[in-house]
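Numbering of residues begins at 1 and proceeds along the displayed sequence.
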Amino acid sequence: MAETVIPDPGSQAPGAIYGDKDGDGHPFVAYLTDQDKLVVRRGRTGELKRTFEFPGGQGLAIANLRGNGDQDAIIQYGQNELRAINLITGKTLWHTKNWSGIEHSQVRTADVDGDGRDEILGPVLLDAKGNRLGSWDLKQDRRTHLRSLDSLAIGDIIPGNPLEIVLAEQGGNNETIMFNAKQILWGRRRDNIPPTGQCARERDPDKVAVGDFVPDSPGLEVFARSACGHEPWVMNSSGRIIATWRVLETAPRGWCTVNSNSNPGVEGGIDVVRAIDWFGAASRRHLFVKERHLDGKAAIVDPMNGKFLKVFDVRAARTYSADVAGDFREEVVIIEAGSSGTGRLKIFWNEEDARRPGLASPWTHALYRRLKQNWNYYSP
């Protein structure tokens, strides 16, 4: 298979990264240009701080590799080659061509083993020094098709360190796979997807999301969207399927679910799935989704039964969620498509009384910051 192109930063992934402090103690923003330059600017004013050259760099992810906070980054050249750098000096910390990434996706980083430094995530795990983690091998041990991995999610699925990583395999075994830095935990496939649309040809999970969808159940749950975006399922922390539903039966009127004269070639369904805390930190997580393959509506959905709890009547080109109001709940952030090519940023918040004032924002958690700093369309 040919090398998969990484999505353009700012199109299907962040166009810039943010660091808490640089050499002079101020927050900063950094981004790659199409002239092979890495530009670092002061976060508060936009003042140019420094510029480095990294020819061929396609993607960029913030990282804490030296234990000094968010002062490092990973530059991605392809789905096999990475360079770790010091963002203050531009010095290369390490360089490898033996990594393996996720199809369509930019590199992800997070501290999954609890050592205070970030690891580099994918079907191959690297530690902060660029060394491979784990004695297992997905290709050998599970016959995983490494070149057809669609999505990656991270979470404390089995409570306690190390954190778990979930992958969605397209083709091969069509598995949802969960592992950590120590071992492969399980791989599950759903063979009884109704033979409709794309699901008749492809039985893979496609996109995955992790969240506390069943508070009474141990650990977190894993949501799999399904290739066709119509037949999702939910697995518990041990990989057992505990819920399934059909978008055709739960979507509200007006949600794109089938081909039409106005949307030829669009199968519809749900897309860009991510867990969201829309109702408050004491409640379980729900899903934030958008219409598939359209600049269209977005919605808050119950992952266990497919009920659409709130629909946003927008023309969403890109979607995001984060606690931007600082009230510990998460808000919906939408980049809306514009007829002239100029989009509009819209933020929606839950207008119901929070009733639980004083709870800490999720930004206080290191994993939450990483999930919101480094993401992309396939792995939100």
Side-chain angles (χ1 to χ4, degrees), residues 6-77 82-93 105-110 118 314 316-327 330-338 340-349 361-366 368-377 380:
I6 303 169
D8 293 333
S11 172
Q12 294 186 5
I17 58 174
Y18 167 82
D20 289 336
K21 61 182 180 179
D22 63 6
D24 58 8
H26 294 284
F28 64 89
V29 172
Y31 56 91
L32 286 169
T33 73
D34 56 7
Q35 287 83 38
D36 295 326
K37 296 185 184 300
L38 174 59
V39 178
V40 182
R41 294 185 178 275
R42 199 164 183 172
R44 186 177 296 274
T45 65
E47 172 191 354
L48 180 65
K49 299 293 291 182
R50 49 196 169 271
T51 302
F52 308 113
E53 292 196 11
F54 291 100
Q58 295 185 48
L60 187 67
I62 195 75
N64 174 12
L65 303 176
R66 295 171 293 128
N68 297 330
D70 294 355
Q71 297 188 11
D72 307 310
I74 303 293
I75 294 179
Q76 185 173 5
Y77 297 92
L82 302 174
R83 183 184 303 274
I85 65 167
N86 178 328
L87 272 170
I88 310 304
T89 65
K91 178 182 177 182
T92 294
L93 302 175
S105 300
Q106 286 193 186
V107 63
R108 304 291 296 278
T109 63
D118 286 332
V314 293
R318 291 290 177 262
T319 58
Y320 183 76
S321 65
D323 178 18
V324 296
D327 68 350
E330 291 185 287
E331 285 68 54
V332 162
V333 182
I334 290 171
I335 301 294
E336 193 171 42
S340 62
T342 56
R344 177 178 294 181
L345 173 66
K346 292 185 175 181
I347 300 175
F348 298 87
W349 60 92
S361 167
W363 289 104
T364 59
H365 303 293
Y368 186 83
R369 293 196 299 273
R370 276 295 175 268
L371 293 175
K372 298 303 175 180
Q373 288 173 310
N374 298 330
W375 55 274
N376 62 61
Y377 164 74

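Counting only distance, with no hydrogens or angles, the side chain of Gln76 and the backbone of Leu82 share no donor-acceptor pair below 3.5 Å. For Asn376 (side chain) and Pro380 (main-chain N/O), no donor-acceptor pair under 3.5 Å exists by modelled atom type. Between the Gln106 side chain and the Gly59 main chain, no donor and acceptor come within less than 3.5 Å of each other.
Residues Leu345 and Ile335 have side chains in contact (heavy-atom distance under 4.5 Å, counting atoms from C-beta outward). Side-chain contact check for Ile62 versus Asp118: every heavy-atom pair is 4.5 Å or farther apart. Residues Thr109 and Gln373 are not in side-chain contact: their nearest non-hydrogen atoms beyond the backbone lie 4.5 Å or more apart. Between Arg108 and Leu371, some side-chain heavy-atom pair lies under the 4.5 Å cut-off. Between Trp349 and Asp327 there is no side-chain heavy-atom pair separated by less than 4.5 Å. Leu87 is not listed as a side-chain neighbour of Asp72, based on a closest heavy-atom distance of 4.5 Å or more. For the pair Leu65 and Gln71, the minimum side-chain heavy-atom distance is 4.5 Å or more.
Between Asn86 and Thr89, the shortest heavy-atom contact is OD1-N, 3.2 Å. Listed here is the closest heavy atom pair of Pro27 and Tyr18: CB-OH, 3.3 Å. Minimum interatomic distance between Ala30 and Leu60 (heavy atoms only, all atoms of both residues): O-CD2, 4.0 Å. For the residue pair Asp36 and Gly56, the shortest heavy atom distance occurs at OD1-N, 3.2 Å. Here the closest non-hydrogen pair linking Ile74 and Ala63 is CG1-CB, 4.4 Å.
Residues forming a side-chain hydrogen bond (donor to acceptor under 3.5 Å, both in side chains) with Glu331 (at least two apart in sequence, or on another chain): none.
In this structure, Tyr368 and Trp363 have perpendicular ring planes: the angle between them is above 60°, well past the 30° mark.
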May I have the step-by-step check of side chain to side chain contact (heavy atoms under 4.5 Å, CB included) for Lys49 and Ile88, ending in yes or no? CA-CA 10 Å; Lys49 299 293 291 182; Ile88 310 304; over 6 Å; no
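Going from atom OG of Ser321 over to atom CD1 of Ile334 covers 10.5 Å, rounded to the nearest 0.5 Å. In this structure, CG in Leu93 is found 10.5 Å from CZ in Arg83, a value given to the nearest 0.5 Å. We find the CZ-CZ distance between Arg50 and Arg41 to be 12.0 Å, quoted to the nearest 0.5 Å. Rounding to the nearest 0.5 Å places CZ of Phe54 at 8.5 Å from CG of Leu32.
The cationic group of Lys372 lies under 6.0 Å from the six-membered ring centre of Tyr320 and within 45° of the ring axis, placing it in a cation-pi geometry.
Of the residues listed (Ile17, Thr33, Ile85), the one engaging Leu38 in a side-chain contact (heavy atoms from CB on, under 4.5 Å) is Ile85, and it is the only one.
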